[in-house]
Structures are given as structure tokens and as C-alpha cells.
Amino acid sequence: MASTFSRSLALVSFYIVVCAAGNLNQDFQLTWGDGRAKILNNENLLTLSLDKASGSGFQSKNEYLYGKIDMQLKLVPGNSAGTVTAYYLSSKGSTWDEIDFEFLGNLSGDPYILHTNVFSQGKGNREQQFYLWFDPTADFHTYSILWNPQRIVFSVDGTPIREFKNLESIGVPFPKSQPMRIYSSLWNADDWATRGGLIKTDWSKAPFTASYRNFNANACVWNSGKSSCKSNSSPSSASPTNAWLSQELDSTAQQRLRWVQKNYLIYNYCTDNKRFPQGLPLECKHS
Ligand SMILES: *[C@@H]1O[C@H](CO)[C@@H](O)[C@H](O)[C@H]1NC(C)=O
């Protein structure tokens, strides 16, 4: 079933739903936090907040099966130690797929850690962590996920920081048949988030707030078992608007990726031999 679907994806052209910026109410629903999540400024701004009693969160109204999804985030400023802002795609069930950005707060003046992970069929353990080359609390920056049948690319302000390729050919499961929703939450994780839990959330600085704007998705929306990327009998009618479905990293993008991996990568599961005494995961030999 899944392989038939991806084969048809490769051959045909698509109707892709494009969600433009603004109108955050149309794309998202505030899911928890009892009023701590808000959509403001004419639906152009979404904020999550966290205080001692609760964090908050939102999710997309749509489910997607492949997409190029951009969102601008401005993280909790000042002393954000102990807080985690998670922004991710996830499917449901016990063998779920997930593509994660998580921002681990830190003491004022110390850098945030950007934590990434990819789960396929319920299995993750593919963490890479980065420092950023700017202060993510001073302004909005764009965090993007490109998810197409060949690859998942995490980008920050258009610079790719991580690529997870489809290596099903060598037996690595790839997220490709379970539709995912976008989720985000801001919560207290001071048992582990900052220096392994040594630094606790300073509640005198609450409420903590993270902000979101300029959501943009070029994506295949999944609805009642069908993709909005419907097949069309003429393969030649593929349009430039769906170029992301087969997008790869060109040589400039690869150079940028290497620059980030060389200068900002602080943890990579693929080099953690201690953690995988039986040998590194298969995909590590191919990246
Ligand atoms: C917080 O800053 C310190 C000092 O720069 C750093 O060692 C640490 O890894 C940072 N992040 C977290 C999440 O602990």
C-alpha cells in the first residue's frame, strides 16, 4: 500500500495546499494551557506561555504527508533555564513517525541548545544537537522542515543544519506513510533540560513566553485517507510550486550544511560509539 503510494507520488503532478502567513486561527488550534496559549495581532502572532502552574501548546488543524513547512519562532528571552520549547511533526500510534526541533533553554547569556531527532515507526535515538550562530531570543528566525519522499532536511533561516536521507534501500525505515500534524509546546523540563537538570527553572521570572509567526506550508494535506497531492495523468504538468517534493541539497546548500556541522554541532548520535556498542545505526555509514 505504502510503496504503491510513493510510486504514484514519483510519477505524477500534484495539487498542493499552500497556507500563507497570517490567519493563524485557520491553521492551528490551541490545545492546552488554559488560556496560556494565545493568537493575537489580527491572527498574525501566536504566543505560548509557561508559569509554575502550567505550560501550553498548540497543534495544526491539518495532517500532512510530506511538506515544506516554515515557521518563525522567537524563544523565551533572559533566563530560560529549565524550559523547553518543542516544535515538531508527529503521527499517532505506537509506531509513530516524528521530526523534532526542541529548544533547550539556558541561563541568561548562555546559549540555547537546538536539539533535533527523527523517529520512524516508533524508533528515534537519532539526536543531533547544535548551538545557533545568533541569539534566538532577540528576534524571530525561520525554522523549516522539508519532508519529501527522498529526505528530511532541517533548516534555520534557510541554512540546512541536518539531512536525514531515505535509506530504505539499506533497511533504514523512513517516515513516508503516516500523516503527521505540527505540534508545539512550552513546558517545564528542569529535571533534564539545562546541564542535565542541574539548573532549575527560576519561577520568579515567570511567565516565560515564546512567539510564533509567518507560518508557511507547501504541503500535501491528508484528509479522510486521501492526499491533497492528487495524481494527475500527465506527468509533464509538474509545476514549479511543487519542486520541493523532489528537492535536494544543491552544492551551495551542502556547503552550508558542512559549515554548520563543523562549527555548531555539539552532539551527534552517529559518532557516539559508546552508546551503540553493537555498532552505529546503519544510516550513520551513509551520511
Ligand atoms: C548552557 O550554557 C552552558 C555554558 O555555555 C553550556 O555548557 C550548556 O551546554 C548550555 N545548554 C544547556 C541546555 O545546558
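Computed from a predicted model, the values in this text were never measured in an experiment.
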- Message: Against Tyr264, only a single residue in Trp259, Tyr131, Phe130 fulfils ring-ring contact (aromatic ring centres under 6.0 Å, His included); can you say which?
- Response: Trp259

- Ion pair Glu127/Arg275, N-O distance below 4.0 Å: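 A salt bridge is present here (some side-chain N lies under 4.0 Å from a carboxylate O).
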
- Task: Answer yes or no: is there an ion pair linking Arg256 with Asp250, defined by an N-O contact shorter than 4.0 Å?
- Result: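 Asp250 and Arg256: not salt-bridged.
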
- Okay, side chain of Gln178, backbone of Gln121: is any donor-acceptor separation there less than 3.5 Å? no

- Query: Does any N or O in the side chain of Gln59 come within less than 3.5 Å of the main-chain N or O of Ile182, such that one atom is a donor and the other an acceptor?
  - Reply: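 Such a contact is absent between Gln59 side chain and Ile182 backbone.
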
- Heavy-atom pair of closest approach, residues Thr83 and Thr201: N-OG1, 4.3 Å

- Message: Do Arg213 and Phe140 form a cation-pi contact, if we require the NZ or CZ to be under 6.0 Å from the six-membered ring centre and within 45 degrees of the ring's axis?
- Response: yes

Indicate whether the side chain of [X] and that of [Y] have a donor and an acceptor atom separated by less than 3.5 Å.
{"X": "Gln72", "Y": "Thr142", "value": "yes"}
{"X": "Tyr269", "Y": "Glu283", "value": "yes"}
{"X": "Thr159", "Y": "Asp157", "value": "no"}
{"X": "Glu43", "Y": "Gln26", "value": "no"}

- Query: With sequence neighbours excluded, what pairs up with Asp100 under the salt bridge (charged side-chain N to carboxylate O under 4.0 Å, His left out) test?
  - Reply: none

- Message: Run the salt bridge (charged side-chain N to carboxylate O under 4.0 Å, His left out) test against Arg36 and tell me which residues pass, sequence neighbours left out.
- Response: Asp51

- Item | CA sep, side-chain torsions, deciding dist, call: Ile145, Phe101, side chain to side chain contact (heavy atoms under 4.5 Å, CB included) | CA-CA 9 Å; Ile145 293 169; Phe101 277 117; 3.7 Å; yes

- Query: With Ser120, which of Arg126, Glu98, Lys176 fulfils side-chain contact (heavy atoms from CB on, under 4.5 Å)?
  - Reply: Arg126

- Task: Show your working on side-chain hydrogen bond (donor to acceptor under 3.5 Å, both in side chains) between Asn62 and Ser60 and close with a plain yes or no.
- Result: CA-CA 5 Å; Asn62 286 323; Ser60 62; over 6 Å; no

- Evaluate the criterion side chain to side chain contact (heavy atoms under 4.5 Å, CB included) for residue pair Leu257 and Leu249; output intermediate values, then yes/no. CA-CA 9 Å; Leu257 177 70; Leu249 296 180; 3.9 Å; yes

- Message: With side chain to side chain contact (heavy atoms under 4.5 Å, CB included) as the criterion, how do Ser211 and Leu45 come out once you've worked through the C-alpha distance, each side chain's angles and the decisive distance to 0.1 Å?
- Response: CA-CA 7 Å; Ser211 309; Leu45 180 71; 4.0 Å; yes

- Message: Set out, in order, the CA-CA distance, both residues' side-chain angles and the distance that settles ring-ring contact (aromatic ring centres under 6.0 Å, His included) for Phe119 and Trp96, then state yes or no.
- Response: CA-CA 7 Å; Phe119 285 70; Trp96 77 104; 5.3 Å; yes

- Determine whether the aromatic ring centres of Tyr143 and Phe103 lie less than 6.0 Å apart.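 Yes - the distance between ring centres of Tyr143 and Phe103 falls below the 6.0 Å cut-off.
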
- Leu104 vs Tyr112, side chain to side chain contact (heavy atoms under 4.5 Å, CB included): CA-CA, chis, key distance, verdict: CA-CA 6 Å; Leu104 314 184; Tyr112 260 81; 5.6 Å; no

- Side chains of Trp147 and Phe164: does their closest heavy-atom pair fall under 4.5 Å? no

- Item | Ser246: partners by side chain to side chain contact (heavy atoms under 4.5 Å, CB included), with sequence neighbours left out |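 Applying side chain to side chain contact (heavy atoms under 4.5 Å, CB included) to Ser246 gives Gln150.
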
- Aromatic rings Tyr183 and Tyr88: how do their planes relate, parallel, tilted or perpendicular, breaks at 30° and 60°? parallel

- Item | Plane angle bin for Tyr87 and Tyr212 - parallel if under 30°, tilted between 30 and 60°, otherwise perpendicular | tilted

